[in-house]
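Both counts, for ligands and for their atoms, begin at 1 and track the order of listing. Keep in mind the model is a prediction, meaning the values are calculated, not measured.
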Amino acid sequence: MAEAFAAGFSRVRKGYRLNPFRRDKRPAVQDLSLRLAEGEVFGIVGPNGAGKSTTIKILMGFIRPDAGEVEILGRAPSDPEVHAEVGYLPENPCLYEHLTAREHLRFAARITGMRPREARARIDEILERVDLLHAADKPVRSYSKGMTQRAALAYALVHDPRLLVLDEPMSGLDPLGRHLVVEILQEASARGKTILFCSHILTDVERFCTRIGIMNRGRLVAEVTPGELKHRGAGVGAETAAPGAASPLEAFFLEVIRGNRP
Ligand SMILES: Nc1ncnc2c1ncn2[C@@H]1O[C@H](COP(=O)(O)OP(=O)(O)OP(=O)(O)O)[C@@H](O)[C@H]1O
């Protein structure tokens with residue numbers, strides 16, 4: 001992998017053992033090759049169990065692939081240096097219930113090497129941006145699901161990382177919260193950040209991705225850009241290919257997944 005890019009997978013494969021006493025595995029990610037250029041916003045969509053979270057965990061170095069190569073900001077995912085430049089939001093954020101959002105962000109700022117003065121101002125700024133300043137000093141156990149999700153997003157963003165890796169960033173949010181998160185990610189993208197995320201909310205994905213990948217049964221089975229979707233939406237027969245679809249991405253998604261059945 002000589003060329004510079006923000007994240008790359010080359011022929012990555014990962015399977016999970018069905019039974020700890022047997023060697024055979026059920027594939028979770030199969031033959032995944034994908035490159036994200038700096039500044040790209042890549043959304044992964046796919047049915048439950050398609051391999052989206054496994055892909056994200058492999059990129060973050062939380063699980064090792066069985067085969068293939070992975071690179072994140074020019075380094076191996078296991079390189080601790082890389083994590084100061086990456087913001088990660090897990091599918092189920094685990095915050096410490098007895099700590100406040102501000103305390104979490106102080107911790108995040110410290111482990112990513114921010115100077116205390118710079119961190120103080122940035123923590124207030126990001127808490128305000130995710131609409132949590134009013135609850136910044138309350139313990140996380142008193143937060144609603146949406147507040148916890150926004151606190152976890154602030155944790156991923158506080159050090160102004162170059163690359164954002166987000167597993168279902170709109171999960172558990174009401175329409176206002178979803179709108180806010182889309183706006184925050186659009187702002188990050190406008191400032192040149194690279195974003196890789198997965199989501200089931202196709203309307204949000206369609207709104208701000210530069211490229212969308214569809215995964216099914218562990219494979220990246222299709223890629224599309226918003227421009228291509230618009231073109232398809234205007235094409236003859238587009239409305240009959242997936243009747244009732246709420247958006248061009250949903251129509252494309254249904255077509256791809258239905259056509260990709262075993
Ligand atoms: N720790 C694990 N042990 C065994 N199987 C696993 C494990 N994690 C994931 N899997 C399996 O791997 C496959 C891919 O799972 P993954 O969580 O990556 O899918 P996903 O696309 O993120 O799904 P969802 O949309 O439901 O979050 C599924 O069949 C899942 O059951």
Open item on the list: What protein heavy atom lies closest to atom 3 (N) of ligand 1? Include the residue and the distance to one decimal.
Closed with: Tyr16 CD2, 3.6 Å

Task: Under 4.0 Å to a heavy atom of Thr54 - the qualifying atoms of ligand 1, by number - done: 14 (C), 15 (O), 16 (P), 18 (O)

Open item on the list: What protein heavy atom lies closest to atom 21 (O) of ligand 1? Include the residue and the distance to one decimal.
Closed with: Lys52 NZ, 2.8 Å

TODO: Could you tell me which atoms of ligand 1, counted from 1 in the order shown, lie closer than 4.0 angstrom to a heavy atom of His200?
DONE: 25 (O)

Open item on the list: Check for me whether Gly51 has a heavy atom closer than 4.0 Å to any atom of ligand 1.
Closed with: yes

- [ ] Mark yes or no for whether Thr210, through its side chain, and Val41, through its backbone, hold a donor-acceptor pair below 3.5 Å.
- [x] yes

Open item on the list: Main chain of Gly113, side chain of His159: is a donor-acceptor contact present, judged purely on distance under 3.5 Å?
Closed with: no

Open item on the list: In terms of relative ring orientation, are Phe197 and Phe208 parallel, tilted or perpendicular, with 30° and 60° separating the classes?
Closed with: parallel

Open item on the list: Under a 4.0 angstrom heavy-atom cut-off, which atoms of ligand 1 come close to Ala50?
Closed with: 19 (O), 20 (P), 21 (O)

- [ ] Look at the side chain of Tyr88 and the backbone N and O of Ile56, then say whether any donor-acceptor pair between them is shorter than 3.5 Å.
- [x] no

- [ ] Sort out for me which residue in Leu202, Leu229, Ile44 forms a side-chain contact (heavy atoms from CB on, under 4.5 Å) with Ile212.
- [x] Leu229

Task: Minimum-distance protein heavy atom relative to atom 17 (O) of ligand 1 - done: Ser53 CB, 3.8 Å

Task: Check: Ser33 side chain, Arg11 main-chain N or O, donor-acceptor pair, under 3.5 Å - done: yes

Task: pair Leu163-Glu38: side-chain heavy atoms closer than 4.5 Å - done: no

- [ ] Would you verify that at least one protein heavy atom lies under 4.0 Å from atom 30 (C) of ligand 1, or report that none does?
- [x] no

Open item on the list: Counting neighbours of CZ on Arg110 that are heavy atoms of other residues, nucleotides or ligands and sit closer than 6.0 Å, is the number greater than 12?
Closed with: no

- [ ] Considering heavy atoms of the protein only, find what lies nearest to atom 26 (O) of ligand 1 and give residue, atom and distance to 0.1 Å.
- [x] Asn48 ND2, 2.9 Å

- [ ] Would you mind checking which non-hydrogen protein atom is closest to atom 23 (O) of ligand 1, with the distance to 0.1 Å?
- [x] Gly49 N, 2.8 Å

Task: Protein heavy-atom partner closest to atom 27 (O) of ligand 1 - residue, atom, separation in Å - done: Glu91 OE2, 2.9 Å

